[in-house]
Every structure is written in C-alpha cells, then in structure tokens.
Amino acid sequence: MGEVRLRGFGWRHAGRRAWAVRGLDLEIRHGERVLLLGPSGAGKSTLLAALAGLLPEDSGESEGAIEIDGLDPRKARERVGIVFQDPQTQLVMARSGDDVAFGLENRGVPAGEIWPRVSDVLDRVGFPYPVNRSTAALSGGEAQRLALAGVLALRPGLLLLDEPTANLDPAGAGLIRDAVARTADPSTTLIIVEHRVAEALPLVDRVVVLEPGGGVRADGTPELIFAAYGDKLAGEGVWVPGFSTPPVKATSKPADDLVRVMRAEVTNRLPPVSLSAAAGEVVAVTGPNGAGKSTLALLLGGLLAPTSGRVEAFGDRRPPHRWRAATLTGRIGSVFQNPEHQFVTGRVADELALGPRRLGRTPEQIRRTVDDLLDRLRLTRLAEANPYTLSGGEARRLSVATALATAPRLLVLDEPTFGQDRRTWRELVELLAGLRDDGHGVVAVTHDDAFVRTLADRTVPLGEPAPDPLPRRSRP
C-alpha cells in the first residue's frame, strides 16, 4: 500500500485567481521516502491535503487525476495518515491517551491491543506525560508529538508530515525524527514537508521540488538534486544545506525599557520569570517545549494576567492586561503561535486594514499601510484571498503584518519564522531588524537557532528539559 500517482493534477481554492498547484505529474512508489521542497506558497501543504482526501469538492476547483493505490484519495483515507502544520486541529479528546486511542477504536482495533499500542507509540515520540494529561494543557510542541503519535498508532500505508518539527525545540525535533525513523513500518510510504532540510535528509531517499504555479522543478536523490540545483534553489528560497545566514546586528545601543516582567508567574503554565525589553533591541526567548514561552508572550502582549508578580510597560501604572483595547493595540503588537487564531475577516487586505481603522486612521493612511505591508511581505497577489486558505508560511507572514499595521513600539512574536522559505525568512529578519533600528522593541519566542544567531541582541532561556516519559502500563 501507499503508491501515489498524479497526472496533470491541479487545485485552486474557491475565490482565488491563482492555482495553488497545477500541472503536477508525479509517481511515488510503495515504500519510498520523499522530501517535498519548494518556496513558500508553492503548494506543498495543498498537495498533502489532497493526498489525504481533505480537499472538499465545494471548496475549490480541481483538474487532472490523483490516486492512492488506484483509488480516489477520499476513498483511501484509512490508508493515509497526516500530521498538519497546526497539531491542535487534529486533537479531538480531552485526555492525551484517549486522543491516540480514538483513531484505533474507530478502525476497529481489538480492545486488548489498543492501550498497549497507545503506550508504546507515546513513548516512541517522547511524549513526557501520563495518558491522562489534558490535551488543553499541552504546549504547541507537546501537541505536535501527540498528533504524530495518534497517526503512527494507526500504521498507515502512506504517512504525510507537514512541518512535523516546526514548533519543537531541537531535542524534541530529534525525538520526532527518530520516532518516524523507528516507528513507521519500512514498507510505509513517507512524504514530508520540512524546512529543516539538513535534519530531514536522513529520513528520505528522494527529493521532489515543486515549481511555484505548477509542475515539478526537480526530482531525484538528495545528492543529485543539491549538486545540480543547490545554488539556484537557494536563490529561490529553498533551505539548501550548507548556506549560512550572516548576522544582522543592531546599528545602535538599546534605549529605555518598554516592558518589564518582575517575578511574574501563571499557575501551572509559567514559573516565576523576570525579563525586560528595550526600544531598539531584539530579545529572543528560548527553551524546551512546555517551559511557558507562549504563556510569557501572552503576558507581554497584555493578553493574560499573571497569577503573581508584575508586568509594567510604557511607564503606565496599570499592567498591560488592564489597558483599553485601543491603547494596547497602539502600543503592543502580538503574533500568536497559531496564525489563524487572530484572523477575523474574510480578506487578507481587510485583515491588514482592521487595526489602523480601529485607531481612527484615514482611508488614505490605511490604504498606504496595507499596500506597503502587502508588498514588503510578498502578499500582494493574495490581497483578495481568504486568510484561512493561505499556506502556513503565508499565514505566518500575514499575522506578522497585522501586528505591524498599527506601528506598535513593542512587538511580541511567537515563532515568527515558522513555515518560511529561505527568501521570506530573510525578508522577515530584515524587516524586524529595520524596526529595531527605528527604535521599536522586539521580543521573539523561537526555536529557530538561525533566527537567534542572525538577529537576537539578547537571549532569555526558559525552563528545564521535559521529564522522561512516565510509565503507562494501563489505561487510567
């Protein structure tokens, strides 16, 4: 099982002029392991969704043919497992072990086999909690491990992984790669989309590069592809191994502090932490999954109140979470870990206009702001698109753009470079560097070592490594 065949396949999302993918001819044989590459927006995630049978006929226009083991993907769903860019979209149960067991129960696996398989696969992906851990209490990276466990437990013939390590710390990313290498049956066909190309190469024996707008650019062994096309692919945005990223350091010293966190904590989510961020500097917050980095970002953004301790910003005696919405929007811009959580309109251009409009900017000012951000973040061609139809990398750039639209003095970014190809990554870094040099402060929660090395003026590490997995011999 797990043979893939596409003949002239194309898909266009409803309401979009451009095709997400088009004219795609591709065959992947049973048991092959393929790394799918291409610039952001080349259609990689759309192709995986199509192979998983997850593109409803009424949500767009298709052409050509696509088959899994000779079947329409919608009729082959039980043969396919997929892990999405956002793992939260596929967690359905309140407890972690139940979430993994859910799929097995639906497949009719004998009751006596279910919980041993649940326990085994959670151990293999390095999930650090017992089976009764609440899924609502998981960090993004922990949820990613759980989502992978749920898919691997089903032992699919075709395994599709869309940025499976994007929200993971380096140790967690290594565990996921090891789990894929060890847990997936050798006969399982694997297609993986991954920007951490060098780390993913040991998992694959073939590389397919998609051409933006249609077709396959290159197809062959990793050695052949990178020897023949490496320079050109790097220039077009593919993360080719061996290409370094020169640092972009500040042009002047930091000014006054914009925000100070003093022994602030959130019960069961963030231990006491202290930090500051000044105008004219980039502060990188790093640490293992579950350390509380995203919770800290919510505190800094005025979107969450601390259980104890204090958060002070902009010389205001009131903490940010008590500010009026207009005051908060004008001072602090936040980018969430999951971009779609902050989209509220049906058009990309409207999403960018929303913040300036709330601040009372004139129509002409709003238009200039929107056009400038669309251009700087390579979103102009998507101005009329629904934000929920964007690729992961495009959605991340839009979320950053919405935070920039009100020109806040402080930016709080949670994984700002998630899902970016090399070119858009560099453009985001240069954009943030320019804001820093203009006197803005930037706090970035990140697992991206290249981002830290290239841009950060200071690094604040949080937390300790997650505990070893606890034994799970039986259902709770």
Side-chain angles (χ1 to χ4, degrees), residues 3-13 16-29 32-52 55 60 62-67 85 158 160-164 166 189-243 245 378-382 390-394 396-397 417 419-427:
E3 289 193 343
V4 174
R5 178 173 295 178
L6 299 102
R7 296 186 298 277
F9 175 72
W11 176 266
R12 178 166 58 186
H13 293 286
R16 299 275 282 271
R17 292 182 180 179
W19 291 75
V21 60
R22 196 174 198 188
L24 190 57
D25 295 301
L26 182 64
E27 291 190 13
I28 299 174
R29 294 180 296 276
E32 280 194 300
R33 300 198 161 201
V34 177
L35 175 62
L36 194 63
L37 296 181
S40 179
K44 303 183 294 295
S45 294
T46 299
L47 176 56
L48 293 193
L51 291 170
L55 294 178
S62 65
E63 64 181 14
I66 179 170
E67 296 177 348
Q85 286 180 340
L158 173 61
L160 308 172
L161 303 179
D162 195 354
E163 298 280 359
T189 305
L190 172 68
I191 304 177
I192 179 172
V193 172
E194 177 63 88
H195 281 299
R196 293 174 175 175
V197 173
E199 291 86 347
L201 288 180
L203 293 175
V204 303
D205 48 42
R206 180 180 173 189
V207 174
V208 173
V209 184
L210 296 187
E211 181 80 66
V216 172
R217 159 68 63 84
D219 184 355
T221 65
E223 296 79 10
L224 174 64
I225 294 300
F226 295 126
Y229 299 94
D231 290 344
K232 189 169 186 178
L233 291 174
E236 294 176 350
V238 176
W239 282 100
V240 175
F243 282 76
T245 55
R378 293 182 179 268
L379 295 169
T380 301
R381 65 183 178 84
L382 299 169
L390 303 183
S391 73
E394 292 163 348
R396 169 55 72 217
R397 296 202 301 282
T417 56
Q420 300 308 306
D421 63 32
R422 189 173 182 270
R423 179 170 53 186
T424 56
W425 182 94
R426 188 71 190 184
E427 288 167 350

Legend entry - R7 atom CZ: more than 12 heavy-atom contacts under 6.0 Å: yes
Inset, instruction - Would you indicate whether F226, at its atom CZ, is surrounded by more than 12 heavy atoms from other residues, nucleotides or ligands within a distance under 6.0 Å? - result: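 Yes, CZ of F226 has more than 12 neighbouring heavy atoms, counting only those of other groups under 6.0 Å.
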Inset, instruction - Could you check L47 against L6 for side-chain contact (heavy atoms from CB on, under 4.5 Å), going step by step and ending with a plain yes or no? - result: CA-CA 10 Å; L47 176 56; L6 299 102; 3.5 Å; yes
Inset, instruction - May I have the step-by-step check of side-chain contact (heavy atoms from CB on, under 4.5 Å) for E63 and W19, ending in yes or no? - result: CA-CA 10 Å; E63 64 181 14; W19 291 75; 3.6 Å; yes
Donor-acceptor check, side chain of [X] to backbone of [Y], threshold 3.5 angstrom: yes or no?
X	Y	value
R12	R17	yes
K44	L36	no
Q420	T417	no
D205	R33	yes

Measure the shortest side-chain to side-chain distance between [X] and [Y] over non-hydrogen atoms and say whether it is less than 4.5 angstrom.
X	Y	value
T189	E3	no
L201	P241	yes
D219	L26	yes
R423	R378	yes
T424	R396	no
L24	V216	yes
Y229	V238	no
E194	E163	yes

Grab the two heavy atoms, one from [X] and one from [Y], that are nearest each other, plus how far apart they are.
X	Y	value
L382	R16	CD2-NH2, 3.2 Å
T46	A20	OG1-CB, 3.7 Å
P39	L210	CD-O, 4.1 Å
A65	F9	O-CB, 3.8 Å
P164	I192	CG-CD1, 3.9 Å
I225	L233	CG2-CD1, 4.0 Å

Inset, instruction - Supply the atom-to-atom distance E27 CD to E67 CD, rounded to the nearest 0.5 angstrom. - result: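 Rounded to the nearest 0.5 Å, the CD-CD separation comes out at 9.5 Å.
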Legend entry - Cationic N near anionic O, under 4.0 Å, R397 to E427: no
Legend entry - V240 and R422: CA distance, side-chain angles, deciding distance, side-chain contact (heavy atoms from CB on, under 4.5 Å) verdict: CA-CA 9 Å; V240 175; R422 189 173 182 270; over 6 Å; no
